[in-house]
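One structure below.
The model shown is predicted, which means the values in this text are computed figures rather than measured ones.
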Amino acid sequence: QVQLEESGGGSVQAGGSLRLSCALSGRTFSPYAMGWFRQAPGKEREFVAAITWDGGPTTYASPVKGRFTISRFNANNTVYLQMISLKPEDTAVYYCNAARSFTSVITGSGDYWGQGIQVTVSS
């Protein structure tokens, strides 16, 4: 089974920065597109960013364009989400996602999900 584990979350003041990491492990030799979703209290899970297996192309949800950057290091199957200029509305549980298809990651139909990690931005 493929497993995903997020790390790097926490609390930060508005305007601050955080970097999330997601490590993919398990019995697989196939490349995966990977991405991030988030879910705020009382709201549905929403797409944040995605990246192909070879590091490009990438795509972002409109609210995070220009502030968040997704990247990956395939040597250890890790994807990152660098977040700057954080806003209180970015507060949510962030979930890592992986799928064989880039489109599946973007649409939220990925094959695997992490447990989620809390990001809290205070005003």
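- With no hydrogens or angles considered, no side-chain donor-acceptor pair links E5 and S7 at under 3.5 Å.
- Within a 6.0 Å sphere centred on CD of E89, other residues, nucleotides and ligands contribute more than 12 heavy atoms.
- Atoms CG and CG, on L18 and L81 in that order, are 9.5 Å from each other to the nearest 0.5 Å.
- Nearest heavy-atom pair, S123 versus A14, reported as atom, atom and distance to 0.1 Å: CA-CB, 4.3 Å.
- Taking the six-membered ring where tryptophan is involved, the planes of Y94 and F68 are tilted, since the angle between them lies from 30° to 60°.
- In terms of modelled atom types and a separation under 3.5 Å, the side chain of D111 and the main chain of A98 share no donor-acceptor contact.
- Rounded to the nearest 0.5 Å, atoms SG (C22) and CH2 (W36) are 5.0 Å apart.
- Salt-bridge check for R72 with D54: failed, with every basic side-chain N at 4.0 Å or more from each acidic carboxylate O.
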Subject >> Derivation of the ring pair (Phe, Tyr, Trp, His ring centres under 6.0 Å) call for F47 and F37 >> reply: CA-CA 4 Å; F47 171 75; F37 280 67; 5.5 Å; yes
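- Nearest heavy-atom pair across T78 and S21 is CG2-CB, 4.4 Å.
- In terms of heavy atoms, A99 sits closest to S104 at CB-CB, 3.8 Å.
- Minimum interatomic distance between Q82 and S17 (heavy atoms only, all atoms of both residues): NE2-CB, 4.2 Å.
- Looking at heavy atoms from C-beta onward, V48 lies out of side-chain contact with Y60 at the 4.5 angstrom threshold.
- Side-chain atoms of V64 and R38, non-hydrogen and from C-beta on, do get closer than 4.5 Å to each other.
- The main-chain N or O of S101 is never found under 3.5 Å from a side-chain atom of T103 such that the two would form a donor-acceptor pair.
- Under the 4.5 Å side-chain contact rule for hydrophobic residues, V105 and V79 do not share a cluster.
- Residues M83 and L20 approach most closely at CE-CG, 3.7 Å, considering heavy atoms.
- A donor-acceptor pair under 3.5 Å links the side-chain atoms of T91 to the main chain of V121, judged by distance alone.
- The distance from the OG atom of S11 to the CD atom of Q118 is 7.5 Å, given to the nearest 0.5 Å.
- Hydrophobic clustering (ILVMFWY, side-chain heavy atoms < 4.5 Å, transitive): I106 and Y95 are in one cluster.
- F102 places a side-chain heavy atom less than 4.5 Å from the side chain of T59.
- Note: Q13 CD to L86 CG = 11.5 Å, rounded to the nearest 0.5 Å.
- A donor-acceptor pair is defined here as one N or O able to donate and one able to accept, closer than 3.5 Å; such a pair exists between the side chain of E6 and the backbone of Q115.
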Subject >> Test log, rule side chain to side chain contact (heavy atoms under 4.5 Å, CB included), inputs Y32 and V2 >> reply: CA-CA 11 Å; Y32 285 86; V2 173; 3.8 Å; yes
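- Taking the ring centre of W113 as origin, the terminal cationic atom of R45 falls inside the region bounded by 6.0 Å and 45° from the ring axis.
- For the pair M34 and L24, the minimum side-chain heavy-atom distance is below 4.5 Å.
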